[in-house]
Amino acid sequence: MLKPDHLNKCLLLIIFIGSSLTVCAQQRAYKVPQFAKDWSKPSQHPDHVIINYGQDPATTASVTWRTLPEVTEGFAEIAIATAAPKFWRNAVTHKAITETMDATKVDDAQLVANYHSVEFKNLQPATLYAYRVGDGEIWSEWIQFRTASDKEAPFSFLYVGDAQNYILELWSRLIREGYRKGPDASFIIHAGDMINHAHSERQWHEWFTAGGWIHSMLPSISVPGNHEYGRLSDTNSERALSVQWRPQFTLPRNGIEGLEETNYYIDHQGMRIIALNSLEKIEEQALWLETVLSDNPNKWTVVTYHHPLYSASAGRSNDQLRALWKPLFDKYKVDLALQGHDHAYARGRVAPYLAEGEQNLLDGLNKRDYTGTVYVVSVSGGKMYGLRPNAWNDWEEAERDRAAENTQLVQLIDVDGDKLSYKSYTATGDLYDAFDLLKQQNGKPNKFIERRGYAIEERRHNNTISYDDQLPSNTKAEIEKRYKGYNTVNVSMVDNAEFKGYYAELREGRNKLNLTVSSSGEILKANSEQLRFSQSQLEYVADEKLLRFNLKLFLNDLNQALGLDPQSNELAFGQPNESPKANAKLLDYLNRYFYLKLNGEEMALKVKSKQLIGEGNNTALSLQFEYQQSAPLTSLEIKNAVFTELFSGQNNIVYANFGKGSEVMVLNKLKPTQQLDF
């Protein structure tokens with residue numbers, strides 16, 4: 001309830017703006033939920049029950065569940081479901097394959113569990129079945145699902161982007177709203193980053209709890225995202241697929257070797273759904289993809305993978321993926337690409353693919369009424385990014401038609417003969433986006449019908465409830481007036497027994513100011529410090545087998561590391577009068593604290609160019625390196641421990657872009673090296 005004085009302020013504001021409508025929301029500090037110590041641990045009772053389709057969903061389905069390791073056997077019973085309660089008299093019992101997942105040495109998992117899986121075969125098409133799972137004495141409830149038809153027939157399915165954060169808190173409402181919108185959906189596509197930390201048992205338990213019985217009734221078609229890959233422990237830096245992935249899902253194994261259950265395809269009632277792994281072996285998948293697309297008897301084709309070919313958010317271009325996969329999507333006229341990763345929403349399309357001799361197919365018609373592949377990026381969880389400021393304008397072949405920020409979304413796609421209808425809904429059930437695709441005869445491109453006009457207005461950070469905590473506007477203005485030149489970059493609202501108010505972080509160049517501010521706006525404490533970091537950018541151009549590396553070092557820090565006064569100009573780095581000794585001293589220092597290993601071979605450090613950027617205490621020396629490779633990049637190891645011998649809080653940030661994806665590495669005294677495998 002609004003307090004009287006707050007209510008009066010709102011009323012005055014409404015009176016002041018006349019007929020305009022405003023939303024006056026109180027500032028609130030978020031209470032992060034806590035979980036009991038053993039909340040995510042398995043028991044004798046089956047949990048994490050999930051159903052997946054096989055390659056032929058008309059006749060096969062698989063079910064997987066989890067128990068304590070003491071439950072050494074599992075069984076699944078299945079029968080055609082009828083309205084008579086004792087349909088189970090016709091049930092068939094299947095013995096499960098049981099495997100033990102010993103993750104006691106995996107930092108985020110720290111448990112042993114048994115996973116049980118059964119593949120149901122020789123099922124009848126278009127039939128409602130009921131199944132239950134257990135150990136022969138302790139059983140789950142009876143759960144119903146329907147097999148696909150073995151012919152073309154109308155159906156619908158759901159698709160969601162990254163769940164990842166605030167899974168039980170916020171993703172639960174989204175997935176339940178999706179099921180409410182599509183109660184008869186045949187399956188659901190998860191486009192990766194279902195959790196935030198690859199091996200976290202707690203987060204996977206959140207995911208299963210949030211979806212609840214939906215997971216056990218609605219078959220999942222899942223692909224991994226970058227957050228399904230992570231280090232196994234602090235002492236094992238190898239990035240590996242989530243240790244839970246293969247035990248807890250039973251997916252088709254018809255993809256390429258080494259990517260089992262992360263790369264596969266399913267044929268469902270006239271549609272081929274192709275799952276791609278955008279993290280590994282993308283060149284090999286391109287060869288496999290051509291085979292799967294060229295020998296495709298289905299009317300419709302949908303591909304799903306994590307890293308988008310056309311990104312929603314800034315700084316996340318996946319050039320190598322686009323170069324490898326888009327020509328195949330064009331050549332074989334893929335209808336729909338369903339993607340994740342960007343924590344925003346973007347829907348757009350590319351020009352219709354026209355082979356030589358087809359240029360006259362659209363004579364007399366508006367070419368805009370036809371389309372090539374439609375690309376969608378969506379987010380279903382509670383973590384939000386901003387949109388690319390230039391939309392898709394730097395990609396001449398693509399056009400973004402609809403976008404959103406700060407909005408949880410679920411998509412429902414209906415397929416009926418020659419028509420595919422797409423609808424995107426918010427977590428509160430509002431229609432946000434819609435279009436239709438109509439199949440044409442004689443190989444013409446799909447006809448495109450825009451229906452976003454039926455949806456609500458576009459949502460952005462500036463017309464939705466703020467995603468970030470905010471200082472009251474008068475407090476923010478007063479602080480930035482007092483500390484001129486500083487910008488507020490981060491605010492955390494606190495409301496606990498010890499303190500009610502705000503922690504605010506201000507920046508001016510590399511100067512950082514931490515403020516403690518009371519709820520009334522009084523500055524209680526101000527601590528200043530100088531940020532200790534270096535910043536570097538790494539880019540690999542696969543077509544040229546070329547690695548470019550840029551390293552920026554604050555000049556004051558570099559002078560100090562070389563035994564000089566921080567303000568010294570003795571070596572005159574990057575200036576016309578640069579000392580003849582400067583380069584040798586620089587490389588001598590870097591060779592002690594820095595290296596790059598490409599495909600296991602350490603590269604000799606040779607500076608291609610250098611220049612000074614910034615001014616005053618923010619002056620930095622920017623160094624450029626280039627390495628031409630004779631073979632494609634398969635692994636990269638970087639050590640960056642510069643200045644860690646001087647400053648205990650030094651962090652060296654590396655932004656890496658490999659076309660197929662991006663990576664941010666933070667290297668410091670405790671973790672000076674990191675290896676990436678491709």
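Heavy atoms only: backbone and side chains are in, while hydrogens, waters and symmetry mates are out.
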| query | Going through the checks in order, is the side chain to side chain contact (heavy atoms under 4.5 Å, CB included) test met by Ser140 and Trp65? | reply | CA-CA 10 Å; Ser140 70; Trp65 68 99; over 6 Å; no
| task | Could you go through the side chain to side chain contact (heavy atoms under 4.5 Å, CB included) check for Val63 and Thr250 one step at a time? | result | CA-CA 7 Å; Val63 61; Thr250 304; over 6 Å; no
| request: Apply the test side-chain hydrogen bond (donor to acceptor under 3.5 Å, both in side chains) to residues Tyr265 and Gln55: give CA-CA distance (whole Å), side-chain angles for both, the deciding distance (0.1 Å), then the verdict. | output: CA-CA 6 Å; Tyr265 72 89; Gln55 177 179 326; 3.3 Å; yes
| task | Dump the intermediate steps for side chain to side chain contact (heavy atoms under 4.5 Å, CB included) on Tyr425 and Glu177, then the final yes or no. | result | CA-CA 9 Å; Tyr425 292 97; Glu177 180 63 24; 5.6 Å; no
| Should Trp392 and Tyr375 be marked as a ring-ring contact (aromatic ring centres under 6.0 Å, His included) after you check the CA-CA gap, both sets of side-chain angles, and the distance that decides it? | CA-CA 12 Å; Trp392 291 2; Tyr375 291 86; 7.1 Å; no
| message | Walk me through whether Thr67 and His45 qualify under side-chain hydrogen bond (donor to acceptor under 3.5 Å, both in side chains). | response | CA-CA 6 Å; Thr67 65; His45 291 265; over 6 Å; no
| task | Given side-chain hydrogen bond (donor to acceptor under 3.5 Å, both in side chains), test Thr371 with Asn446 step by step and report yes or no. | result | CA-CA 6 Å; Thr371 186; Asn446 290 333; over 6 Å; no
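Counting heavy atoms from C-beta outward, Tyr467 and Tyr385 have side chains that stay 4.5 Å or more apart. In this structure the side chain of Phe157 never reaches within 4.5 angstrom of the side chain of Ile188, judged on heavy atoms. Side-chain contact between Ile189 and Val160 is absent, with no heavy-atom pair separated by less than 4.5 Å. Counting heavy atoms from C-beta on, the side chains of Tyr129 and Phe145 come closer than 4.5 Å. Side-chain atoms of Ile221 and Asn52, non-hydrogen and from C-beta on, never get closer than 4.5 Å to each other. Residues Ile78 and Leu123 meet the side-chain proximity criterion, which asks for heavy atoms closer than 4.5 Å. Two residues are said to be in side-chain contact when any heavy atoms from C-beta on lie closer than 4.5 Å; Thr262 and Glu280 fail this criterion. In this structure the side chain of Leu289 reaches within 4.5 angstrom of the side chain of Ile274, judged on heavy atoms.
Heavy atoms from other residues, nucleotides or ligands lying under 6.0 Å from CD1 of Ile97 number 12 at most. Atom CG of Asn463 has more than 12 heavy atoms from other residues, nucleotides or ligands within 6.0 Å.
Between the side chain of Asn263 and the backbone N or O of Ala275, at least one donor-acceptor pair lies under 3.5 Å. In terms of modelled atom types and a separation under 3.5 Å, the side chain of Glu261 and the main chain of Leu251 share a donor-acceptor contact. Here the side chain of Thr407 pairs a donor or acceptor atom with the backbone of Glu405 at under 3.5 angstrom. The backbone N or O of Leu438 lies less than 3.5 Å from a partner atom in the side chain of Gln440, making a donor-acceptor pair.
With sequence neighbours left out, Thr464 forms a side chain to side chain contact (heavy atoms under 4.5 Å, CB included) with Asn406, Arg459. For the side chain to side chain contact (heavy atoms under 4.5 Å, CB included) test, residues two or more places apart in sequence or in another chain that qualify with Val377 are Pro308, Ala312, Gln339, Asp342. Every residue two or more places apart in sequence or in another chain that forms a ring-ring contact (aromatic ring centres under 6.0 Å, His included) with Tyr53 is listed here: His268.
For Gln269 and Ser149, the side-chain atoms include no donor-acceptor pair closer than 3.5 Å. If you check the side chains of Thr59 and Asp150, you find no donor sitting under 3.5 Å from an acceptor. Checked by atom type, the side-chain pair Ser380/Trp171 shows a donor-acceptor distance below 3.5 Å. Side-chain atoms of Tyr310 and Glu397 form a donor-acceptor pair, as typed in the model, at a separation below 3.5 Å. Ser311 and Ser313 share no side-chain donor-acceptor pair at under 3.5 Å. Side-chain contact, Tyr332 with Glu290: a donor N or O sits under 3.5 Å from an acceptor N or O. Between the side chains of His199 and Gln244, no donor-acceptor pair is found at a separation under 3.5 Å.
For the atom pair CG (Leu174) and CD (Gln408), the distance works out to 5.0 Å, reported to the nearest 0.5 Å. Put simply, CG on Leu158 and NZ on Lys423 are 12.5 Å apart, with the number rounded to the nearest 0.5 Å. In this structure, Ile282 CD1 and Asn318 CG are separated by 9.0 Å, a value rounded to the nearest 0.5 Å. Note that CD of Glu663 and OH of Tyr229 are 12.5 Å apart. Values are rounded to the nearest 0.5 Å.
In summary, the aromatic rings of His48 and His205 are positioned with their centroids under 6.0 Å apart. For Trp207 and His190, the ring centers sit closer than 6.0 Å to each other. A ring-centre distance under 6.0 Å is found for Phe448 and Phe435.
Under the 6.0 Å distance and 45° angle rule, Arg402 counts as a cation-pi partner of Tyr432. Relative to the ring axis of Trp395, Arg388 places its NZ or CZ within 45° and under 6.0 Å from the centre. Cation-pi geometry between Arg253 and Tyr264 is not met at under 6.0 angstrom from the ring centre and within 45 degrees of the axis.
Ring pair Phe329/Trp325 is tilted by interplanar angle, where 30° to 60° counts as tilted. By the 30° and 60° cut-offs, the orientation of the rings of Tyr131 relative to Phe120 is tilted. Relative orientation of the Trp204 and Phe208 rings is tilted, given thresholds of 30° and 60° on the angle between their planes.
Ion pairing between Glu152 and Lys299 holds under the 4.0 Å rule for side-chain N and carboxylate O. A salt bridge is absent between Lys383 and Asp162; no separation between the charged side-chain nitrogens and carboxylate oxygens falls under 4.0 Å.
The minimum heavy-atom distance linking His197 with Ile195 is given by the pair O-CD1, 3.2 Å. Across every non-hydrogen atom of Tyr159 and Ser378, the tightest pair is OH-N, 3.4 Å. Taking both residues in full, the closest heavy atoms of Asn226 and Arg239 are given as O-NH2, 3.4 Å, listed atom of the first, atom of the second, then distance. Nearest heavy-atom pair, Asp193 versus His227, reported as atom, atom and distance to 0.1 Å: OD1-N, 2.8 Å. Nearest heavy atom pair, residue Val223 against residue His306, reads CG2-N, 4.3 Å. Annotation for Glu169 and Pro33: closest pair OE1-CD, 3.3 Å, computed over non-hydrogen atoms.
The only member of Asp335, Asn298, Val303, Leu293 that meets side-chain contact (heavy atoms from CB on, under 4.5 Å) when paired with Arg272 is Asn298. The salt bridge (charged side-chain N to carboxylate O under 4.0 Å, His left out) test with Asp433 singles out one residue from Arg347, Arg452, Arg451, and that residue is Arg347.
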